[in-house]
Novice: 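Quick one: the structure is below, and I'll ask about it shortly.
Bear in mind that the values here come from a model prediction, so they are computed numbers and not experimental data. In what follows, chains are A, B, ... by sequence order, proteins preceding strands, each numbered from 1.
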Number of protein chains: 2
Amino acid sequence: MVEATGANTHTKRALEELRQRILSGAFPGGTRLFEVALAEDLQVSRTPVREAMSRLTEEGLLERARNGGFLVRSFDFADVLDAIELRGVLEGTAARLAAERGVTEARMKDFREIVRRLDTCFGAGPEDVDFDGYAELNGQYHLALAALPGSATLEREIARATRLPFASPSAFLPDRRQLSAFRRSLGLAQDQHHQILQAIVRREGARAEALAREHACAARRNVEYIFANDIDVAQAVPALALVGQGSRPED
Amino acid sequence: MVEATGANTHTKRALEELRQRILSGAFPGGTRLFEVALAEDLQVSRTPVREAMSRLTEEGLLERARNGGFLVRSFDFADVLDAIELRGVLEGTAARLAAERGVTEARMKDFREIVRRLDTCFGAGPEDVDFDGYAELNGQYHLALAALPGSATLEREIARATRLPFASPSAFLPDRRQLSAFRRSLGLAQDQHHQILQAIVRREGARAEALAREHACAARRNVEYIFANDIDVAQAVPALALVGQGSRPED
DNA sequence: AATCGACAAATTGCATACATATGGCGGCTT
DNA sequence: AAGCCGCCATATGTATGCAATTTGTCGATT
């Protein structure tokens, strides 16, 4: 009711508003959210606020406090890196299982088409990149990869593990404001997209897994670059708004 | 409030009763659960029933239906195998990261102690095994393994992925009613416990990962054994009560 | 037989009031 | 100064009634 039908319920409103606030970093990690205050603020009764907070717990943005109530989860730099590592492991598993078990014609056709369209995001010049198109198709690529082996269990787990902003495959893609060396990584990433496809087609499970893992490591490099260059994190990378400011790496 | 303090709330009661029913296979997969009927049945109001169902969704036993309400999730044989595969991958990752990153003294001491105590479950004769002790310590071993790298993200994800009964490391351990060939696998498993420890100590990440994955595959062998021998599943393996009866493998 | 519309029943969404539990603060004692 | 206790304010747990939505049934029409 809240989402599937698009019905405009109070719970849905509260859920979307709270999610947006959390994702924008409006609540420091560890903040306790109080039903009554939020109900007033959002102008609904406690019931939809509770429901919304319960759902945000499912989404991984809140956790339940020990004597009832909800806390905003806190994340640090290590969580970001581990989330990226985990995504690599899970997507690597999807690639391996796809290679080992085979892929249906329909899914392979879809996957190939996405890779082909990703190619069209690159023009003649090294700076000639359709960033928006790439970001959209990159998201599609990763969803399709997760679905390739036809395992609902794995697909579900990948969806869960990549739900938080900084865990998403699209979290650290460069855009037009960023340095060109940073942007050139897109071309390398697209090459990896191709290689993963090839490894799967050739039934090379270990290779597919290794490639997909390395592919996810690009996100780690991008994160490290951002922190190493003291870039204003919240400004440059919305995905990191959730991450505590005191948790930057020291090197 | 529901769990941390042990307070005896209606929500807690409803949660435990519904969980137990679901885990015992009382509701076929896909069954819709109705608030009003359950509230009457459990003799509480709708509010704690809703809360309990929301939590069971977090636990992975229910899913939200499209226009509100909740459905009991259904699982088939492939889900069992994929859950085992996923556990192997995640525990393998824990082993690898432990080897790569190192382990604190406290955690390593704890881990060694568990392995040592697992050894004491085996007596002089091949049939002389303390099954209950083994099962208890096996669970501890796997929890400790998940915690070794000191990554809250990974530990949390492993906990989630192993939450369902058939995904648990202890799901398919043999007990005293089962065949001796089946039981002998415990000795092999314990050898693997040792080898994983050794690989971590030696900083052999790839080896640790491969061993932990293979270790998880024992569960797959056990499942396949159960099905291949037409054993009454619900009777022999409570962990499989959740799995649909029409989804047995055909080979 | 299939489809559509109307209506009733059932279910979920929600608000509100009351009950219960928790946490913080102040005062007192050691 | 530290610890303990009591009190009160606040937050959560819960029940219940009403509103809104969804589902199912039945009859009419093609």
Novice: Can you tell me how far the CG atom of B:Leu240 sits from the CZ atom of B:Phe172, to the nearest 0.5 Å?
Specialist: 4.5 Å

Novice: Can you measure B:Lys12 atom NZ to C:dA21 atom C1' for me and round it to whole angstrom units?
Specialist: 15 Å

Novice: A:Phe70 CZ to C:dT22 P: how many Å, rounded?
Specialist: 16 Å

Novice: Decide yes or no on side chain to side chain contact (heavy atoms under 4.5 Å, CB included) for A:Thr57 and A:Leu62, but give the supporting numbers first.
Specialist: CA-CA 4 Å; A:Thr57 302; A:Leu62 299 184; 3.7 Å; yes

Novice: When the distance from CE of A:Met53 to P of D:dG13 is rounded to whole Å, what number comes out?
Specialist: 10 Å

Novice: Taking 4.0 Å as the cut-off, does a side-chain nitrogen or oxygen of A:Thr9 come that near to OP1 or OP2 on C:dT12?
Specialist: no

Novice: Between A:Val44 and B:Leu33, name the one whose nearest nucleotide on DNA chain C is closer to the 5' end.
Specialist: B:Leu33

Novice: Do NZ/NE/NH1/NH2 and the carboxylate oxygens of A:Arg13 and A:Glu17 come within less than 4.0 Å?
Specialist: no

Novice: Can you find an N or O donor on one side and an acceptor on the other, under 3.5 Å apart, linking the side chain of A:Arg50 with the base of D:dG13?
Specialist: no

Novice: Ring centres under 6.0 Å, that's the criterion: do B:Phe70 and B:Phe34 meet it?
Specialist: no

Novice: Rounded to the nearest angstrom, tell me the gap between atom CG in B:Leu38 and atom P in C:dT11.
Specialist: 11 Å

Novice: Measure the distance from CZ on A:Arg66 to P on D:dG13 and round it to the nearest whole Å.
Specialist: 14 Å

Novice: Please report the distance, rounded to the nearest Å, between CG in A:Asp41 and P in D:dA11.
Specialist: 14 Å

Novice: Which nucleotide in the list D:dA15, C:dC14, C:dT16 gets nearest to the side chain of A:Arg46?
Specialist: C:dT16

Novice: How many Å lie between CZ on A:Phe34 and C1' on D:dA9, as a whole number?
Specialist: 13 Å

Novice: Counting heavy atoms from C-beta on, name the nucleotide in D:dA15, D:dG13, C:dT12 closest to the side chain of B:Thr47.
Specialist: D:dA15

Novice: Just to confirm, is there a sub-4.0 Å distance from OP1 or OP2 of D:dT23 to any side-chain nitrogen or oxygen of B:Asn67?
Specialist: yes

Novice: Nearest whole Å is fine: how far is D:dA20 C1' from B:Glu35 CD?
Specialist: 14 Å

Novice: How do B:Arg32 and B:Gln43 order along DNA chain D: which one's closest nucleotide is nearer the 5' end?
Specialist: B:Gln43

Novice: Does a side-chain N or O of A:His10 approach OP1 or OP2 of D:dA20 to a distance below 4.0 Å, or not?
Specialist: no

Novice: Can you check salt bridge (Lys or Arg N to Asp or Glu O under 4.0 Å) on B:Asp79 and A:Arg156, steps first, answer last?
Specialist: CA-CA 11 Å; B:Asp79 291 319; A:Arg156 190 185 183 99; over 6 Å; no

